[in-house]
Amino acid sequence: MTLYDQLPALVVAVLLFTAPIAYMLRMHGFPWAAATAAVVTSFIVACSLAATAIGGETIIYEMGGWPAPYGIVLHIDALSALMAMLITGASSAALIFGAKSLADEVGEETAPAFFAAWLLCTAGLVGMVITGDAFNIFVFMEISSLSTYVLISAGPDRRALISTYRYIVMGTVGATFYLIGVGFLYMVTGTLNTADLGARVGQVEDIRLVLVAAGFVSVGLAVKAAVFPLHSWMPNAYTFAPNAVTVFIAAASTKVSLYVLIRVDYAIFQNSIANHEVQLTLFLVPLGVMALFAGSLLAIYEKNLKRLLAYSSVSQIGYIALGIAMTSVAGLTGAIVHMFNHGLIKGGMFMAVACLALRYRTVNVANLAGAGKAMPWTMAAFVMGGLGLIGVPLTPGFISKWYLVLAALEKGWLGALLVAVILISSLLAVIYVWKVIEVAYFREPRANAVPVTEEAPMVMLIPTWIVVLTGIWFALDTSVSVGLASIAAKTLLGVAL
Amino acid sequence: MMTIVFSLFLLTMLVIVAVAILRTENLFTAVMLSGIFSLIMAANFFVLDAADVALTEAVIGAGISTVLFLGALALTAEYDRSPPVGTWVPLLTSSALGGVIIFATFQAPRLGDPSAIVHQHVAPWYLEKTPELIDVPNVVTAVLASFRGYDTLGEVFVVFTACIGVMALLGRVRPRRDSIKEGEFKKATDNLRHHLIPRVVGKMLVPFIVLFGLYVQFHGDFGPGGGFQAGALVAAGVILYSLVEGGVRGRELVPEWFSSVLVALGAFTYTSVGVASMLMGGRFLDYSVLAHDPVHGQHLGILVIEAGVGMTVAGVMITIFHAFSRRGIR
Amino acid sequence: MEWIYFVTCIAILITMVLAVVRGLAGPTIFDRVLAVNMFGTKTVLFIAVISFLTGRPDFLDLALAYALINFIGVFAVLLFFQSREVRRAAEAEREAGK
Amino acid sequence: MHLLLDILSAMLLLSGAFFVFVGGFGVMRMPEFYTRMHAASLTDTGGAALILFGLMLQGGFTLIPLKLAAIFLFLFLTSPTASYALANAALLSGVKPACRNETGKAFPGEQPAKPKPKRKSASKAVKARKSAPVKPPAGKPAKRPAKKPTKKTARKKS
């Protein structure tokens, strides 16, 4: 076996191998360095996997050497490669970016545990996207959720604990629902391998159990993905987590649940349940539309910048849900590209917020007056991200919304309505982004406020701008993101490449 | 038939106890009832022939979790103060969910029906191939440790993560300051040394528990058991010692740094086996390449990873217990 | 022999029910602890008998594990109340001192 | 010989089952905590011993009787110890054995054994609590005063 053959396992194995080491060796600065090295290695491996997958190839790696329905296989196609790239990329960017701020917020004593949890979180998320086994998804979902709780509760504010508690409750409910669904599927098919499930579910005569399973799995994943009425755990979790953690989980964590939703609904249920498109549309379109409006409106009235961005994530997840619900190549491509692009945009914006928080010691919008002058580069990065959220051309947000609109137009009058909804919510995004810009650029700082004159340090600014520029690059050259996404969409829908 | 009668009997009790746990406001009562709950559950697993699960449930559910619950209870109030309002929506939701599940299971195959699909697809393969490929009598061990070894690796890391999480929570809040001088307080509340009978009997049984744990660890290929159960048993021995002799002496026996390193070391051992099999030219976690003979390699791999699992589980239980007992309450 | 095992099993199960009733009814928390402890012993016996009934005596390992583990919880209960009483006494002394 | 063994073990099993059941019945029907514990702890050991001996006769010359003997030994050690610990915990937190004299009037049970000097404060607490019962947290109507010694309940039942 050459190294090339081992790449799929390496993505996760590197992280899982390093996590205990980072936990055990309590030297100064070592946990961070080990974590960064492992995550960056994993990112490089994921990129090379993506390079293979862009040719439309699916890699199957048999764990332990046991063949598919008996053992566990890794299943890497365009979609998983794209997601693996996003997760490991976001994780490395956040780690490098957060080198200093994490050292401040976490402290020497808890650093080994924290960075081990970080590695485990990355490993859990990557493990979920590359595996080809429905139960294995649950195992790695547990790893990622538990470690996310640790990461969030490391926040300096005591309220981090309460928001972690909320997240634990909701996350456990979501994961349990998923497990119940998988249990039912196992009961009617006798297999856990996703490909095998997709084939065997179609042969089940009485589909009552399959329907219930589909319901449980979809609702459970919707909770984990913070689709609108089930989003209540998210804003506080984002707000009180350490800043670098927010960057990471905002960019990667909810997207993975959406990924699993796509994977399960399209690869398992699509071929086997009659009218599954209709059910999916009925389930996700109302939720998506509600999410678009509610998320934007809540963001408009929000005063805390981190929570504002969290509500904006709620609305952006609405776009993805809409794209998934359309069951067309364009819609699915739009959804997948938006998962990727939104990860980039939100990651960059939260990085900018972390820079602001470093200097202003607060993330209340009202206190950021004058930030445009004091921290021009940071605010410029924030504005670039904001434009991306709105969907202005030449930003990554435009690409994905373009595909969503294209997909909606295929759907007749309902589609026209959806286009209108997308446009209105973009306008709402203008409002909440403008709210921040107005304060930062056009309002004089209060007299009694401590004046901020210094720009964020270079170690934070440079990663921020790298992420922002990567976003712009993906807006100009869409061959990687859209290329992978359209291959993924075609594969999932069974259309010839 | 008999299985169904016993199972129904036990499950009815289970439901009654579960409802009682929900209804009680006294947390101590809830802890005790959940002890009964796990005992019923374990007996039921046993009736259904799932001996490995029953052993786990017995050791962890009935033995250790009561101790840990009491440790947590010592840190909080004894009464549940959740507001009585707003119980309707959750009640309706969960009844609806229960209804849906029951509705769905009308179509499920009957209990123990050999023609059920579950028993037709992968299970026969496991039963048929295990003697030839892995050659251990306990097929459950073969499936857990080798065929689905990647899942078990994941579960070990779940345990590791949970340990980090618990330590993050318990290590965070400062121990409550008490007016009594630290030493005197510790002496009076930390141990059962002045109770002669528990002291003698407890200390007498510690070696037997640890010995039995080792037996379960290395006998897992042949009978019910394996790393998870063995780790929990060894931890139970240490916990018993700490209860009798006091947390201070317990931490002298197994220092905190040691138990927390043990958790990581177990997970590390498991992953190392995977990496070693990669380096020796196989897939990740493919134990066949570890020795010249594939079956022998499987034996070796299973032995090592079970040891890793045992280390992690024992470490995590002891770490959590120490974290509770150090909080100045015990 | 079969039916004797069966009768014994039923007797143990009924005793389990009685223990559960005591556990639910209380009235003191110690009654509940008593119920748990008794239930544990009955589980040991139940497993021992049923492993003969189903002809799988190798499962006696489980009963052995139960017999070894079951009483640890009661020790924890004793320690719990002991430390609580000591703390209360200390608080009472402190209040009396004021 | 075989038949004889069968009969013997059947007798042992059935009498064990009877003991166990009687113990359960006692736990169910006895008036207060210490009497219940008495019923439970006696039959836990006695009934268990009978049943395990009955099974042992059926095991033949294998490892099984040895395992059963080990179970018996451990139960024999742990069960009374657990009872001791439990009774001690109950006594410590102020549950008194309810006794009565000929007039039917209850009188308080004996004081706990002379405390060692080490545990002075603990026994003081017991005395203190007798005079000033601990209230459950405010705002919580103690529907089931599970925490409090229940002399009253016990008296009513008997």
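Each chain gets a letter, A, B and so on, in the order the sequences are listed, and its residues count up from 1. All figures in this text were calculated on a predicted structure; none of them were measured in a lab.
Both the backbone and the side chain of V122(B) come within contact range of chain A, judged by heavy atoms closer than 4.5 Å. There is no contact between S277(B) and chain A, counting heavy-atom distances below 4.5 Å. Neither the backbone nor the side chain of F114(A) comes within less than 4.5 Å of any heavy atom in chain B. Heavy atoms of L151(A) lying under 4.5 Å from chain B are absent altogether.
Most heavy-atom pairs under 4.5 Å with chain A: of the set F103(B), Y287(B), Y270(B), this distinction falls to F103(B). By number of non-hydrogen pairs under 4.5 angstrom with chain B, the leading residue of L16(A), V210(A), L120(A), I180(A) is L16(A). Chain B forms more heavy-atom pairs under 4.5 Å with one residue of T110(A), V188(A), T18(A), L211(A) than with any other, namely V188(A). Interface remark: of the candidates P112(A), G190(A), G215(A), A113(A), G190(A) forms the most heavy-atom pairs closer than 4.5 Å to chain B. For the options L153(B), D151(B), L265(B), heavy-atom pairs under 4.5 Å to chain A are most numerous at D151(B). Taking chain B as the reference chain and counting heavy-atom pairs below 4.5 Å, the highest number among I21(A), V12(A), V150(A), I72(A) is found for I72(A). The greatest number of non-hydrogen atom pairs below 4.5 Å with chain B, out of A213(A), G65(A), A19(A), C121(A), is found for G65(A). Most heavy-atom pairs under 4.5 Å with chain B: of the set A123(A), P69(A), A117(A), S145(A), this distinction falls to P69(A). In terms of heavy-atom pairs under 4.5 Å with chain A, the best-connected choice from T271(B), L285(B), T161(B) is T161(B).
For F147(B) and Y70(A), the gap between ring centers reaches or exceeds 6.0 Å. Aromatic ring centres of Y167(A) and Y149(A): separated by under 6.0 Å. Between Y23(A) and F268(B), the gap from one ring centroid to the other reaches at least 6.0 Å.
The closest side-chain heavy-atom distance from I152(A) to I249(A) is below 4.5 Å.
Q6(A) contributes a side-chain N or O that, together with a main-chain N or O of G282(B), makes up a donor-acceptor pair within less than 3.5 Å. The main-chain N or O of G64(A) is never found under 3.5 Å from a side-chain atom of R283(B) such that the two would form a donor-acceptor pair. One N or O on the side chain of S65(B) and one on the backbone of I60(B) form a donor-acceptor pair closer than 3.5 Å. Remark: side-chain polar atoms of H75(A) are not paired, donor with acceptor, to backbone N or O of Y61(A) under 3.5 angstrom.
Salt-bridge check for R148(B) with D133(A): passed, with a basic side-chain N closer than 4.0 Å to an acidic carboxylate O.
Along residues 123-136 of chain B, the residues that come nearer than 4.5 angstrom to chain A, judged on non-hydrogen atoms, are W125(B), Y126(B), L133(B), I134(B) in order of number.
Taking the six-membered ring where the residue is Trp, H299(B) and H296(B) present perpendicular rings, their angle passing 60° and hence far from 30°.
In this model, no donor atom of one side chain and acceptor atom of the other lie less than 3.5 Å apart for W118(A) and S147(A).
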Candidate pair F140(A) and Y150(B), rule ring pair (Phe, Tyr, Trp, His ring centres under 6.0 Å), full reasoning:
CA-CA 10 Å; F140(A) 279 89; Y150(B) 185 50; 5.3 Å; yes

